[in-house]
There are 2 protein chains.
Amino acid sequence: MGLYHPTAEDFDLPTVLHALSDPQRLQMVRELAEAEEELPCSGFAVSVSKSTCTHHFRVLREAGVVQQRQLGTSKLNTLRRAELDARFPGLLDAVLAAGPAPVPA
Amino acid sequence: MGLYHPTAEDFDLPTVLHALSDPQRLQMVRELAEAEEELPCSGFAVSVSKSTCTHHFRVLREAGVVQQRQLGTSKLNTLRRAELDARFPGLLDAVLAAGPAPVPA
DNA sequence: GCATAAGTTTGACGATCGTCGTACAATGAG
DNA sequence: CTCATTGTACGACGATCGTCAAACTTATGC
């Protein structure tokens with residue numbers, strides 16, 4: 001059961017944008033970026049079922065956004081920050097910098 | 001028949017990412033960015049039907065990516081570059097800078 | 001061994017998406 | 001006026017998406 005991970009050269013911009021265009025996945029990516037460590041599926045504040053969580057992380061992984069590593073029954077997730085930056089410079093930073101909501105006066 | 005255009009503060013990141021995640025729309029945005037002028041729907045190299053073109057530009061417009069202005073029977077499209085940059089700094093640049101395909105040796 | 005915990009797989013569901021063709025509206029050229 | 005051009009509106013279609021529940025697998029703890 002080898003988890004598919006694309007190589008950085010195979011990253012596809014539309015695919016990455018699509019992966020990031022879902023609010024739940026965007027939230028997962030934000031949490032992964034804040035916690036500079038590996039996080040298991042169950043360590044996220046998303047309110048979806050386990051199977052949906054599995055699905056979202058597969059989309060993120062197959063797009064190249066995250067790396068997944070098995071450890072016991074857990075699956076640890078990491079942002080592929082360096083590779084994303086190399087392939088799409090500035091993209092991840094711009095996405096993460098975007099405030100969740102504009103703050104009015 | 002007022003064309004809906006969101007204000008910059010109402011731009012929604014997932015919505016914008018989704019608008020840009022379609023290859024055809026991404027291509028349209030690229031062409032719009034290269035030609036620093038207003039372009040009608042018929043001035044694009046996309047190979048889709050007229051109704052599909054209308055649909056794609058509506059998605060882009062409602063996400064805040066483009067501005068549309070009626071002129072005769074034509075509808076002129078412009079990138080809302082400044083507003084996008086203000087709301088999501090660096091995002092559009094990163095998307096446009098991403099080469100369409102990686103060039104192998 | 002047995003029970004618990006963490007994810008996966010499968011199959012389902014309604015919703016949305018990208019696409020098209022046809023019919024229609026509005027403008028500009030002869 | 002008539003006709004060509006440009007785009008919209010309206011369904012329609014198959015495909016994909018996000019979601020879930022139920023059954024299963026795999027490892028850990030007692």
Side-chain angles (χ1 to χ4, degrees), chain A residues 1-6 12-32 35 37-78, chain B residues 1-6 12-32 35 37-78:
Chain A
M1 196 266 287
L3 297 170
Y4 169 71
H5 288 90
D12 178 59
L13 183 54
T15 304
V16 170
L17 293 177
H18 171 251
L20 297 174
S21 74
D22 180 86
Q24 307 280 7
R25 288 194 291 260
L26 191 51
Q27 179 60 28
M28 293 171 174
V29 169
R30 276 195 221 281
E31 291 186 30
L32 259 186
E37 60 169 337
E38 297 180 300
L39 282 185
C41 226
S42 47
F44 290 86
V46 294
S47 55
V48 290
S49 70
K50 286 192 302 178
S51 29
T52 303
C53 200
T54 298
H55 165 70
H56 282 320
F57 271 108
R58 182 173 35 177
V59 173
L60 289 173
R61 170 171 48 80
E62 292 181 347
V65 179
V66 306
Q67 240 235 329
Q68 292 189 294
R69 171 172 87 87
Q70 193 83 35
L71 181 106
T73 68
S74 287
K75 185 158 286 178
L76 300 182
N77 302 279
T78 351
Chain B
M1 199 263 290
L3 298 171
Y4 169 70
H5 288 88
D12 178 60
L13 184 54
T15 305
V16 170
L17 293 177
H18 170 252
L20 296 173
S21 75
D22 179 85
Q24 306 280 7
R25 287 193 292 261
L26 192 51
Q27 178 60 27
M28 293 171 175
V29 169
R30 274 195 222 282
E31 292 187 30
L32 259 186
E37 61 169 336
E38 298 179 299
L39 282 184
C41 227
S42 49
F44 290 85
V46 294
S47 55
V48 290
S49 70
K50 287 191 302 175
S51 27
T52 303
C53 200
T54 298
H55 166 70
H56 282 320
F57 271 109
R58 183 172 34 178
V59 173
L60 289 172
R61 171 169 47 81
E62 292 179 348
V65 179
V66 305
Q67 239 234 329
Q68 293 190 295
R69 171 173 86 86
Q70 193 82 35
L71 182 105
T73 68
S74 287
K75 185 158 288 177
L76 300 182
N77 302 278
T78 352

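Values reported hereafter were calculated over all heavy atoms of this structure, with side chains retained and with hydrogens, waters and symmetry mates removed. By convention in this document, chain letters (A, B, ...) are assigned in the order of the sequence lines, proteins followed by strands, and residues within each chain are numbered from 1. In this text, all values refer to a predicted model and were calculated from it rather than measured experimentally.
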TODO: Identify whether any heavy atom of B:S51 sits under 4.0 Å from a base atom; if not, whether one sits that close to sugar-phosphate; answer base, sugar-phosphate or nothing.
DONE: base

Task: From B:E37 atom CD to B:L32 atom CG, the distance as rounded to the nearest 0.5 Å - done: 9.5 Å

Open item on the list: Keeping B:H5 on the side-chain end and B:Q68 on the backbone end, is there a donor-acceptor pair under 3.5 Å?
Closed with: yes

Taking only nitrogen or oxygen atoms into account, show me every contact under 3.5 Å that the protein makes with nucleotides 25-30 of chain C, one pair per line with its distance.
none

Task: Rounded (10°) bend between the five-pair end axes of the helix from C:dG1-D:dC30 to C:dG30-D:dC1 - done: 20°

Open item on the list: Rounded to whole Å, how long is the line connecting atom CD of B:Q70 with atom P of D:dG7?
Closed with: 8 Å

TODO: Using the test side-chain hydrogen bond (donor to acceptor under 3.5 Å, both in side chains), find all partners of A:Q27 that sit at least two apart in sequence or belong to another chain.
DONE: A:E31

Open item on the list: Does A:S74 reach a base, just sugar-phosphate, or nothing at all? Heavy atoms under 4.0 Å.
Closed with: sugar-phosphate

Task: Closest non-hydrogen atom pair between B:C53 and B:C41, with its separation - done: SG-SG, 2.8 Å

TODO: Tell me which residues in residues 55-66 of chain A put a heavy atom below 4.0 Å from DNA chain C, sorted by number, or none.
DONE: none

- [ ] Using whole Å, report how far CG of A:L76 lies from C1' of C:dG7.
- [x] 12 Å

Open item on the list: Strictly distance-based, threshold 3.5 Å: is any side-chain N or O of B:D22 a donor or acceptor partner for the main-chain N or O of B:L20?
Closed with: no

Open item on the list: Going by salt bridge (Lys or Arg N to Asp or Glu O under 4.0 Å), name the pairs with one or both residues in residues 49-69 of chain B, residues two or more places apart or in two chains.
Closed with: B:E38-B:R69

Open item on the list: Tell me which pairs pass ring-ring contact (aromatic ring centres under 6.0 Å, His included) where either residue lies in residues 48-78 of chain A, with sequence neighbours left out.
Closed with: A:F44-A:F57

- [ ] Could you check if a side-chain atom of A:H18 sits within less than 4.5 angstrom of a side-chain atom of B:L17, using non-hydrogen atoms only?
- [x] no

Open item on the list: Does anything in residues 20-29 of chain B come within less than 4.0 Å of DNA chain C? Heavy atoms only, and list the residues if so.
Closed with: B:D22, B:Q24, B:R25

- [ ] Heavy atoms only: give me the nearest A:A19-A:V65 pair and the separation to one decimal.
- [x] CB-CG2, 4.4 Å

- [ ] Sequence neighbours left out, what passes side-chain contact (heavy atoms from CB on, under 4.5 Å) with A:P23? Give chain and number order.
- [x] B:P14

Task: Presence of B:K75 side-chain N/O under 4.0 Å of D:dT8 phosphate oxygens OP1/OP2 - done: yes

- [ ] Quick one: list whatever passes side-chain hydrogen bond (donor to acceptor under 3.5 Å, both in side chains) with B:T15, sequence neighbours left out.
- [x] B:D12

Open item on the list: Under the rule for side-chain contact (heavy atoms from CB on, under 4.5 Å), what residues qualify as partners of B:S49, not counting sequence neighbours?
Closed with: B:S51, B:T52

Pick out the pairs of N or O atoms, protein on one side and nucleotides 23-25 of chain D on the other, that lie under 3.5 Å.
none

Open item on the list: Rounded to whole Å, how long is the line connecting atom CG of A:L3 with atom P of C:dG7?
Closed with: 13 Å

Open item on the list: Tell me the interatomic distance from B:L39, atom CG, to D:dT6, atom C1', rounded to whole angstroms.
Closed with: 15 Å

Open item on the list: Using side-chain heavy atoms (C-beta onward) and a distance below 4.5 Å, is A:V66 in contact with A:T78?
Closed with: no

Open item on the list: Heavy atoms from C-beta onward define the side chain here; which of D:dC17, C:dG18, D:dT6 lies closest to that of B:S42?
Closed with: D:dT6

Task: Nearest-angstrom distance from the residue atom NE2 of B:H18 to P of D:dC17 - done: 10 Å

Open item on the list: I'd like to know if the side chain of B:N77 reaches the main chain of B:L39, judged simply by a donor and an acceptor atom lying under 3.5 Å from each other, with no hydrogens or angles considered.
Closed with: yes

- [ ] Grab the CG-C1' distance between B:N77 and D:dG7 for me, whole Å please.
- [x] 11 Å

Task: Phosphate OP1/OP2 of D:dC20 contacted by A:T52 side-chain N/O (<4.0 Å) - done: yes

Task: Listed nucleotide nearest any side-chain atom of A:T54, set C:dT8, D:dA21, D:dG7 - done: C:dT8

